[in-house]
Every structure is written in C-alpha cells, then in structure tokens.
Amino acid sequence: MIVEGLKAGYKLQTIGSSEEVGVYVDAVSGVSFTLYRNEVFGIAGESGCGKSTLIKAVYGYYEPSLVLRGGSARIYGAKGEEFDTTRMDRGLLEKRVWWKHMSYIPQSSMNVLNPTMRIRDHFAEILRIHVGMKKGEAYQEARKYLEEVGLPVDALSAFPHQLSGGMRQRVVIALAILLEPSLILADEPSSALDVINQKVALTLLREKQEALKNTLVIVSHDMGVHGVLTHRMAIMYAGKIVEIGRTADIFWKPLHPYTKALIESLPRLGDKSKRVGLSGSPPDLKKPPDGCRFHPRCPYAMLICSRAEPSLREIKEGHYTACWLYSEAVGEPR
Amino acid sequence: MGTVTESLRRMGKLLITLYMGNLKFRIGFTILSILVILGFAVSPFSPTNTRSWYIVPRDRPPSYEYPLGTSSMGRDILWELCASIRNSLTIAFVTAMIASHIGLFLGFIAGIRGGVIDRILMFITDTFIIIPGLPLLMVVTTVLKRYLTIPTLGMLISIVSWPWPSRQVRSMVLSLRERTFIHTAKLSGMGTFRVIVQELMPYVLGWHLINFTNTILFSIGTESGLAILGLSILDDNTLGVMIYWALNWGYALFRGIWWWLAAPVATLVLVFISFYLVSIGMTEFMHPIARR
Amino acid sequence: MPNREKPSMVKGLKQLLKYIATRTAAYLATIFTGVTLTYIVVKAMPVDAVENILFNIISVTAVYDPASIELLRRNLYEILGMGGSPVESYLIFIRRVFTFDFGPSIIAYPTPASEIVFNRLPWTVGLLLTSTLTVWVTGNLLGVIAGYFRDRRFAKVLESVAITLYPIPYYIMALILIFLFAYLLRIFPLGGGISIIPEKLNLEVILNILWHSILPAASLILPGALGWSFLSSRTLTMQTLAEDYTRYAEARGLPRSHILKRYILRNILLPQTTVLALSLGGIFGGALLTEIVFTYPGVGQIAYRAIFSGDVYTLMAVLFLSIIGTATGTYLLDLLYPLIDPRVRYR
Amino acid sequence: MSEQYMLRVVKLSRFFGYGFLGRVKFPAVDNVSFDMEYKPKIFTIAGESGCGKSTLARMILGILEPSEGAVIYKGKNIYALKSKERRWFYREVQAIFQDPYDTFNPLKKVDRYLYETARNLLDLKDAGKTQDIVDACLKRVGLSFDEIKGKYPSEFSGGQLQRISIARALIPEPKLIVADEPVSMIDASMRMNILNMFKEFKEAEEISFIYITHDLATAYYISDEIAIMYRGVIVEMGPADEVLIKCHHPYTKALIEALPEPSRRDDWLTRKVKPPGMEVKEFIMPGCKYADICPYREDICEEKKPPMFDVGNVKTACWLYK
C-alpha cells in the first residue's frame, strides 16, 4: 500500500460557540509512506497528532466534519487489484473494498458490538452480506473463527454484555480477519485494556498477521506496544510524520529530537535513572506554526527551523526523518 | 447575595445568546413576547368589562369595529381574548413557580441524599407520572368548584405538575455528583451547602429554566382541558373558558359562529408552539446532540 | 477463561420469573400508592369536601328530601374517606376502591357508578388501543427515517411539522379537526359514536362506528405519531447513530437498510417503550377530553356528565379505573422489555 | 510521637450493590489493610482497571464511606471527624485526580479553586497574602498566577490543568497527597515531568504520596513501596524493587510479563498469558480470587482465602509461600 501526500482535516461545525464555525483543523498534513506485504507497521504519536485521522482517511471513512484535501492512498489486494480509497465513493468502498481487502479495528473496540445482537450474528451478517453465505454455514464459520481467537463456543450465542472486555476485544479481532483482508488497520487496539488482556489481544493480532502474511497497521500512543510488536514504524507530530524506520532503529538509534524525547521519557523496569520529558504543549492545529512544527519545543531548534519546513529524507537505509539537523541545507533557507 | 446577582446576570446573558444563536428560540420568544404584551400591556385598556354579558351586539362576525367579532354572550372577542391570555398565563405562571420549585427541591434531595430517601421519592414521583393527572384534578376541582380563583387553580394544577421537573433535576444531580470537580470543591474546604449552590446550581439552573417553561406549557394545557369540562373559573376569562362557553353554551360550530371558537383555539396553538419552541431552543443550546 | 456463567435454559427461565415477580410487585405497589395518594390529596383539601359536593348536587339536581340528603352525606363521607378515625376511614376507602364499590351513580340513579363506567369502557379502550398502537409504530418508523436522513429536505419538513404538532393538546387538535373536516369541509360527522343506536352488531353498524371514530382517533394520532413518538424516536436515532457500534457497523460496509433495521431500530425500541409508558397517563387524559369534544360515547362522556351533576361517585370510579388502566398499561410494557432488549433479561 | 503510623488503613471494605434493588453485593474493596509511617515516601497502589484501587483512594480521602473497616489518620478515624476536624484533615491530606479536564468546574474560573483552598483551609482573610501563596504554589509547578488568572479550564491543555491541580493540592502544605492516576491522561512526553515533581516534593518538602496507577513502569520509577491489587484485595506488598523485580505472587508475575518492554521483545511475543474472566464472579469467589487463572493452583486456593505471608521484606497473599 502506498500513501502519498495525504491531507485531511476537520471543518468545525456549529456546536457551542459560533466563532469557530468553518475553521479548518489541519489534522493530517501531507503524509506519505509505503507499506509492504507481511509486515506490522506502527504509527506512534501523542493525542491530537492526527494518527487516528490518518487511519480514517486511509480507510475512506469520512465523517461529515472530516474533509480530504489532497493526496492518495492506494491499496493492493491479494491478487494485485489496485484501489485508491481517496478516489472511490462511499458506496463503492462499502461494496468492493471494505472488509474484503481492508478491515478496521476501531478505538475503544470493547464497546463496538451491537448490544442487542448475539455474537454469532455479528459474524453472520458480514459473511451474508459480503460473501453471500447462508446463515447455517455462516454460523459454522463463526464458530471456527471464535475458536481461533481462543474463545469458547458458548460465546457464539452470547450477547456482548455477557462477555468481558478482553473477550469482546478478541471478537472484534476475529471479525477483522474474517474475510482475510490484505490490510488491517487497528486504531489503538489495546488502549482500553489492562496489560494482560492487552498482551493477549496484541499477540493474537500478530499471530494472525503471520498466518495471513498480510499487512497490519497498529496505531498506538504507547511506545512500548510498538517496541514489542511492530517491524517498522512512523512517528507523527502535529499532523506530520517526523520519522520512519525499522522499529529497532527508532528505539536504539532515534534521529528526530521528538523521537528521542519519546524514547527517553519511556520508563523501564529495573532502571531508576532520571527521565526528563518535553516541556510546552503541541501546537494548535487550527493555526500551526511556520517551519518545522516541532521547533517551539525543540531543544536543538535553529534559525531555519522556524522559517522552513524540513522534508522527510532518508538518512540511513530505510530510516527517514524530517529534521534540519540532518540536512546539508542547514543555513541556506530555500 | 453575590451568587443571586451573578446567576441573574448569567441568565440574562443566556437569553441574549439564545436569541441571537437559535432560530427556534427566536421565533418562540418573539411570538411569546407579543402574547405577553397583548395580555399584560394591552388588556388593561379594554373599553368594556370582559366579564359582563351583553355589552356589545351579539354574534357579529369580524369587522372593522370588532376585529375578531363578538360572541353570543355579547362580548368583544378581541378584548376578551386579551384578558384570557393574561389570566391563562398567570395561572400557568403560578403553577410553574410552585411545581418547578418543588421539583427542584425534591430532585436535589433525592439526588444528593440517595439511598432509601431517593427510592421512596422516586417511587412516588413515578407513580404520579403513571397515574393520569386529569381524572385526579377532575375530582379535586369538582369538590372545590366554588373556590376556584386564578391562584388556587394554579396551585391545584401544580399537584400533578411537579414530577417531571423532579425527575429531570434528580438525574442531573446524580450525574453531576460523580464529577471530579465536586471532589475538588470538597477538598478545597467548601461545605456541602456551598458545593450545592456554587458547583451544582449553575448546571441545574439551565434545566430549571427549561422545566419552568415546560411546566407553563403543561399548566395551560391542563387548565384549558379542565375548562372544557367546565371545571375552570367560568365567570372569568381564560382561553379554556372561552372555548367552554363557545362549545357548550353557544354551540358555536352548529350555529356557524366559528370566530368565537377560532380565536381562543388559534391563540392556544400559538401559546403552545411558542413555549415549546422556547423550551427546545434552550434544550438544544444546553445539550447539543453530537453532529456527525 | 470460558464464560461459565452461561445462561442455561433453566437459569434463563428462573430469571424471567424473578423479573415478572418484581415487576408485578411494583405494579401492585403503584396502584396502591396511587390510591393512597388520592386519598391524601382529597383528605388534605382545606374545605369540607362533602358539603361542597352536596351543594353541587343539590344545585343541579332536584333532591330536596332531607332523608336522601342525609343518606348521600353518609355515603360521601365513606367514599371520600372522611368519616371516623383516619385509619378506619382509610381502610373503608381502600376496601371500596378495590371492590369497585363506589355507590350508586347520580347521573343514572340507582345504577352503580362502576357499572356505568364499565359499560362505556370498551369504547375508550378501543379508541386508545388503536390510536396508541398506530402512534407508536408510525412514530418510530418515521422518526428513524427522519433521524437517519436528517439533512434531507423531507426530514426537515417532518421536523417542523412535529414541532408544531407536538405541544398541541389532543382536544385542541380535536377542535381544529372538527373545524376543518366537519364544519368547513363537511366530510366527517360533527360528533357522536354512531348515527343510530344499534339493535345488534352488523357490518353496517361497525362501519358506522369506524366512520365516527376517524376524527377522534386522528386527533390522538396526529400529535402522537408526528409529535412525541416521532420526535423522541428521531432524537434517539441520532444518538444511536453517534454510538460506536453503529459507526463500526458502517465501517464494516454493511448496507444502510441493514443498519437501520438491526442497529438503529432495535436499539431504540427499549427507550421508546419507556417513553410510551411515561406518556400513557397523558394520552389517557387527552382521550377523555377528545371524547367530550366529539361527543364520543366513552368514559370521557360519562365523566363530563358526572361533573355536570356533581356526581363524585362516578368521578371516583373514573379516577380509579384510569389509575388501574394506566398502571396496567405500564406493567404490560414492562413485561415486554426483556423481549426487546437482552440487557434487561439478565439484570 | 504517640502514634507510630501517620496513616492506617484497617480492614477496609466497600460493597457495591448489583442487580435489581441492589441485592447481589460484591466487594469492590475487600478487607484491605496497610500502614504508612511518618517518614515521607511514595506508596503506590497498582492494579488493573476494576481492581478497586480508585475506590480505595476515595475512601482514604473521606469522599466515599467504607462499608466496613476504618481509615485512621494521625490516630483519628477520618469518618468520625467533626466539620472543623475535617478542615484539618484536608489541610493534611490532599488529592490529585485522574481527569484534568474535569478537575475544575468548566463553568468556573480555575483560580477560584486555588483561592478557596487558601481561604478555607489556611483561614486567610487577606486577599494579597492569599494571592502570594497561590502564586508561590503555582511557581513550584512551573506556572505563575498571571498565566492562570481569570481563565476557564477550557483555555488550558491537560498537562497545564494537571499542574494547576497539583498547585492547588500544595497550598495547605499537606503531609500526604493521594494521586489517583495523575498521569494516565497526560501525553507520554510530559508524563515524567509530573512524576519527577512528586519525587522532588517528597524529598524537598517531606510530602508523602499515595500513587494510584495501572502503569507498573512509572510505578517502579517513582515509588518506594508498592501494593498490587487484584479484584479488591492486596495480593502483594513491599519495597517496589523487590515486588516488581522478584515478583512473588503469580499475578504480579503475569503483570510484569505482560508489560510491553522493547528490550524483551522476542520473549514478550512468544510467552503466553491467561486472561482473567468475567469480573463480578471473581470478586465474590470464596478462596483466592486469582485461583481460576493461576498456573500454580492447588485445592486450598479455591477453598480458603490466603493470608499475607512474609517473604523477606515483602508480604504476599499466596498459599505458595505458607
């Protein structure tokens, strides 16, 4: 899958104060990256950095306030079919792409099941609508998938509220892999779970990805999750990707000052050495700062940083960053 | 006292914001203002006594002299209507003053004390909501027929009008009680009374205003309903009483004196719609449903 | 790890029975409380209720015989729970209420008041049942559609209509309908349940009754189906649309009709049933008044005549019948909850 | 000193009703006891969501009445305090809450709470002096009075609000601050700054902390002692190093193993853990509440509640250590 120059943001609507109507929030600002088959790709960043918006835009799920401003997101099916989710209308996406080629695990996914529908019917409706399977057959299939995610057969006829949060999370994972899509987008798949349930859910996702040999995108604010799960990852800050690379490189040889701060502020068991975080707060995306969006908080900020925006450049093999520190162009504003 | 002026100022500000920002509120409030002006500012200038019979020629259709016509009782309908608006609104105001404050009080007690008191209060409230209020009022007003005046009728209607506000305030208080800032206030050394007045009240007041409006709506509806049964203040003017005489004494429709019935019915419809628009205008402002 | 709390058939049945038992207890308690509250309200009146009623009766009817006045007075003390010690009078009051013994009516002396009311009950119940069912079904469907397509023109038109109709009481609606259809257009009869008193029921009579019921029913249905039922269903739909589970369903590429049916309609049924239960009392009162406006031969008519003659016996019968009626309606809806929403079943 | 301990939590329990009319009762906090000496330290109560840690914190603060047991602060049962003593209690014990956006009433200005705290708890009448104290406390968290004056909560970021919340708690110069998940809604890059403040206040100003958290990594970073809770009971308690590194209780072990730790990546991906089941049922189990999932389960575990056994400096409620 290839994402190029994706731009999306929110047009504020009439709620509360009328002053902000029509103001544009620049949530995702020209993001490009490429995903490969059979990999787990992580997107990390703090609240409000645009990572969830990015996922929604890639998936093509636009709520009325979310608008696309440019760029493309091409995904390739198992047989090489190409779809550009930014160019397709909703009906087409629903019919041809969603769930067949690309599935989505939403945030707070413990609470996304229909409370008045049995678990097996959640499976059956997808199989019936997307593949045209008969009800009885679909129930058989549902049973198979529930067993695969380690849930008892009883859960089939249960209603969501009868299962624990962790169990519901596994049902959602089972739903996501049901049609064996070539791309799974998981938005904070474990942030509402306790560590133990989180581990169960994440290892499960990872196992299924290995079995299907497809692409799994994990969006999470928790660097620890990326550290144990992903092959490659991107760090987002204020609507832009500031660094992309192999997870090991990012953790042990971070390039961008923001990434460094994130890694350094990660507390670890058995290590009590003093950890210092960043000061200040992320910029207001209604009026983002000029130049590099990180420069007001950056300890290494130079003159150029406030004037021109650094582009994403390959520093080492497969390791990109958008920072003037690694550019020969320092000192000569474009 | 500072809090009283503060909350009054806040309410004034709220009204202005609402008027500017919400179309429904603006329409409702405008119609309402016209009705209030007719009822309270215009009606004192009535050239005739609107309660006497046969003062003007009977059964005249609307004309230049009698813009809304005259009734079979020999009254000028325009001036009778103005007086009726005044009386109907006054009765409703009395009800709202009593019922919405009883509701506020009971809702607060149930919400804050919780436990057994809450359960008993809520059971009584729900019972009052389930049992139809009109038959109960029918019995009571039949007995008290001789004593009906504007304030007593307002009071009687409040017997069945307090449960809705009480329920509303209670659920509001229950959800507020668990908010963190209530704990912050307590840990800042504020006493229970101050927490209620300064932390909870600002939230509840908005809803109280809505409850007040809704109770007025409910009361006018109940009064005109009772009037149709002949259980209102028949020797005075209210919108319901006008309908009562038109239907039962004048057989207005059978005899084709439609303007006698049309005037109070149309006015009532305007009253209902305007109060309702004001009420939902405020509700929408207070509680915007998440727009997708 | 397995969910061993799995509800087996036996367990489910037991829970259902428990649910029914608690609901039944609450139902009886509601009626009992309602009756008691009425007792308190009547008792708390600052004037001598009996003397006032006697005054009303004497001023309307021509009862002058002191003996019968005395009989009336004694009877009234009992009916209103006024005689004797508070406990004693309360017990007599309760006994009277639960045996439907409200004494002889005045409007049709000496037919017992409860009998008169019972005779007219089918008319009222028939009118209420059909109109309430229509209101609930159409209101829900229209509300869901208008909530889902909230930005379409027709949804906005429907909303404006609903906002206009919702606050209008049933009997005012009745007056407007009479004015339009019976007076102005002369399509429907001005009133009455039927044109001629029927000898026996046949098709013609039934059609006649239906013909006369159209306007009364319409005046209950219009402010309901396009008013409260529609508006609350629309609001609930918009809330359900914002729920995570609906958005997730959309993201799974499920078609619109499926989402409307399985996700939205299903999930608003329970709160809508609650709204209906809370509205029953209001609908009942409205129906009584509508009947009067249309001279429809239901309980409302009887109440009207009773008020005119100061017939408290019959009024008490109407009052307690309506308490029991609305409490029963609410109770039946309560019993429906578990069928509608699985979350209630296992509570 | 008449009392050996500053704070004693004695057999504290809190039951919550469940079902119609609250007939099924389950203990959210079940017979919890611990003591804190006068010596300043950071005591962490850690556990997963629903383990009762927040309920416990609210009982210690006197906000939620316990069903059984007592909280003794400096020899006084805090649920028997008169209103004047209650002020004293809030002068000594303060709190920081989880959600910074809800800590202050959204309809009121934030400075109001700082003023109220100073006025009510320190009995200050003089406006100038009050402001000085407020300003001084704000300076200690890296803010100043001019920055917050006349502003509403919506005008601040979560990190700023949390620092204002800390400043408010510092005003009465408390001896103990209960911090309920103070950083769980704060961005990772700023989290450590706030935790560093706790450490600093402990050392420089001798303030003790009760730190409630689900995050064992931050708990390890700042705490001196730690108690691990599971389903309403403390299963292991002792010095943070020993509890979190040696892990005696099987539940603590499972927690530590599940912690996503980049340096143990391969291990993390291959080791399996068993997830807990439905919560309510486990809360009302008669024996050890972890018995259902525990890999070392014996018969006694299901029948009898394990008492706290001493293992070195650590106490653990597990039959393995009898």
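In what follows, chains are A, B, ... by sequence order, proteins preceding strands, each numbered from 1.
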Is it the case that over 12 heavy atoms from other parts of the model lie below 6.0 angstrom from the CZ atom of A/Phe83? yes
Less than 4.5 Å apart, side chain to side chain, heavy atoms only: is that true for A/Tyr61 and C/Arg247? yes
Highest number of heavy-atom pairs under 4.5 Å with chain A among C/Thr246, C/Asp151, C/Leu254 belongs to C/Leu254
Any donor-acceptor pair under 3.5 Å from A/Tyr59 side chain to C/Ala251 backbone: yes
One thing to verify: whether C/Arg252 and A/Glu125 come together as a salt bridge, which I'm taking to mean a side-chain N less than 4.0 angstrom from a carboxylate O. yes
To the nearest 0.5 Å, what is the distance between OH (C/Tyr263) and CE (A/Met117)? 3.5 Å
Counting only non-hydrogen atoms closer than 4.5 Å, does A/Val153 touch chain C with its backbone (N, CA, C, O), its side chain (CB onward), both, or neither? neither
Tell me, do A/Ile129 and C/Pro255 make a side-chain contact under 4.5 Å, heavy atoms counted? yes
Under 4.5 Å heavy-atom distance to chain A, tell me which part of C/Arg262 shows up: side chain, backbone, both or neither. both
Which bit of A/Arg96 is near chain C, if near means a heavy-atom gap under 4.5 Å: side chain, backbone, both or neither? neither
Which atoms of A/Thr116 are under 4.5 Å from chain C, going by heavy atoms: the side chain, the backbone, both sets, or neither? both
Is there side-chain contact between A/Glu94 and C/Glu250, with at least one heavy-atom pair below 4.5 Å? no
So which part of A/His122 gets closer than 4.5 Å to some heavy atom of chain C, the side chain, the backbone, both or neither? both
Once you round to the nearest 0.5 Å, how far does CG of A/Leu113 lie from OH of C/Tyr245? 11.5 Å
For C/Tyr248, which atoms come within 4.5 Å of any heavy atom of chain A: side chain, backbone, both, or neither? side chain
